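To start, the structure under review is shown below, and the notes come after it.
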Amino acid sequence: MAGERGAGRRTVDPLGLVSKAGRWYLVAGTGEGLRTFRLSRVTSVEPTGAPVRRPEGFELASAWRELASEVEQRLSAASVRAHADADALPVLRRLLGGRLRTGEVQPDGRVAFIADGPSVEVLAAQLAGLGARIEVLEPPEARESLVRLGRSLTAVYGGCDGCHDHRRDSHFPIGTYYVEDASVPVMAATG
């Protein structure tokens, strides 16, 4: 099966299909072990004619739980502590889902929260879209990432004649802002 974004081709042993949040995934054996492939990213499939090699004792439900757990760990590798305006909470919940933990309402009416993500840089990029409706407090690296992003955006949109080209200063990994991108490697497979 062939994947997007230059993923090339892979030979896999298809072991089962699973649905999560309305998306279908193929659980397959690869040379690197069990992997998941989001079906919407598969562009073609070519049978090899070889029989599927099913690991001894393989159980789809157990394999899926283990793979999903690994994904959740990758999605929660970093955390930021912040405050948000109360009206920003619905957006944060949609954006972060179970990776958002809300705390107490602060004296100024904002709500304390902790957000988990695959890295501090990705979290900063995800939260930046809420602008002044949130304030990231910790870690300092998240605040620094937001400063770099703010400078980069100001250079492009702020009408800053003669400003330094801050596009080079933006270190946010492109294509990693979405939960579904982190959950399934973009790969190709046949089999």
Side-chain angles (χ1 to χ4, degrees), residues 3-5 7 17-27 35-42 64-158 166-187:
E4 302 174 359
R5 292 190 245 171
L17 294 173
V18 228
S19 175
K20 179 179 180 181
R23 291 192 171 97
W24 284 92
Y25 298 89
L26 168 68
V27 175
R35 297 288 185 266
T36 57
F37 300 88
R38 195 164 81 199
L39 290 184
S40 64
R41 292 189 178 154
V42 175
W64 177 251
R65 278 192 300 275
E66 185 176 319
L67 289 165
S69 174
E70 290 172 11
V71 167
E72 286 301 319
Q73 286 176 358
R74 282 195 311 269
L75 287 175
S76 300
S79 297
V80 298
R81 190 174 65 82
H83 290 164
D85 292 348
D87 67 342
L89 289 177
V91 175
L92 285 169
R93 285 188 183 101
R94 280 192 307 274
L95 178 67
L96 299 168
R99 298 180 296 127
L100 174 70
R101 293 171 278 154
T102 55
E104 297 184 16
V105 175
Q106 303 303 298
D108 63 2
R110 296 185 303 165
V111 178
F113 73 90
I114 296 174
D116 299 321
S119 70
V120 168
E121 292 80 15
V122 168
L123 279 167
Q126 289 176 319
L127 297 173
L130 291 158
R133 293 167 57 192
I134 63 140
E135 180 185 2
V136 173
L137 305 171
E138 295 179 334
E141 297 83 10
R143 292 177 64 90
E144 292 163 10
S145 289
L146 287 166
V147 167
R148 280 194 308 272
L149 181 58
R151 285 182 182 145
S152 174
L153 291 171
T154 300
V156 173
Y157 300 106
H166 292 284
R167 288 177 291 185
R168 302 180 292 163
D169 297 338
S170 181
H171 296 79
F172 299 101
I174 302 300
T176 57
Y177 303 173
Y178 305 99
V179 171
E180 60 270 12
D181 285 345
S183 64
V184 180
V186 179
M187 300 179 194

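Every value quoted in this text rests on a predicted model; they were computed, and no experiment measured them.
The structure places CG of Leu130 at 5.0 Å from CG of Leu92, a figure rounded to the nearest 0.5 Å. Put simply, CZ on Arg81 and CG on Leu137 are 4.5 Å apart, with the number rounded to the nearest 0.5 Å. Here Arg23 contributes atom CZ and Arg41 contributes atom CZ; the two are 8.5 Å apart, rounded to the nearest 0.5 Å. For the atom pair OG (Ser152) and OH (Tyr157), the distance works out to 8.5 Å, reported to the nearest 0.5 Å. To the nearest 0.5 Å, atom CG of residue Leu96 and atom CG of residue Asp116 are 8.5 Å apart. Atom OH in Tyr25 sits 16.0 Å away from atom CZ in Arg35 (nearest 0.5 Å).
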side-chain contact (heavy atoms from CB on, under 4.5 Å) between Trp24 and Arg38, worked out | CA-CA 6 Å; Trp24 284 92; Arg38 195 164 81 199; over 6 Å; no
Chi angles and distances behind the side-chain contact (heavy atoms from CB on, under 4.5 Å) call for Val80, Ile114 = CA-CA 6 Å; Val80 298; Ile114 296 174; over 6 Å; no
Start with the C-alpha gap between Val111 and His83, add the side-chain angles, then the distance that decides, and say whether side-chain contact (heavy atoms from CB on, under 4.5 Å) holds.
-> CA-CA 5 Å; Val111 178; His83 290 164; over 6 Å; no
Taking it one step at a time, do Leu39 and Leu17 satisfy side-chain contact (heavy atoms from CB on, under 4.5 Å)?
-> CA-CA 9 Å; Leu39 290 184; Leu17 294 173; 3.7 Å; yes
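At distances below 3.5 Å, at least one donor-acceptor pair connects side-chain atoms of Thr154 with backbone N or O atoms of Gly150. Judged by distance alone, the side chain of Arg143 and the main-chain N or O of Glu138 form no donor-acceptor pair under 3.5 Å. Between the side chain of Asp108 and the backbone N or O of Arg110 there is at least one donor-acceptor pair closer than 3.5 Å.
The heavy-atom pair separating Leu149 from Ala125 by the smallest distance is CD2-CA, 4.4 Å. Heavy atoms only, all atoms of each residue included: Glu141 and Val120 are closest at C-CG1, 3.8 Å. Of all heavy-atom pairs between Arg133 and Asp87, the closest is NH2-O, 3.1 Å. For Leu146 against Ala124, the heavy-atom pair with the smallest separation is CD2-O, 3.3 Å. Contact between Gly117 and Leu123 at its shortest, heavy atoms only, is N-CD1, 3.5 Å. The two residues Asp85 and Ala132 have their closest heavy-atom pair at OD2-O, 4.3 Å.
For CD of Glu135, the number of neighbouring non-hydrogen atoms (other residues, nucleotides, ligands) closer than 6.0 Å is greater than 12.
Contact check for Arg99 versus Ser79: no side-chain heavy atoms found under the 4.5 Å cut-off.
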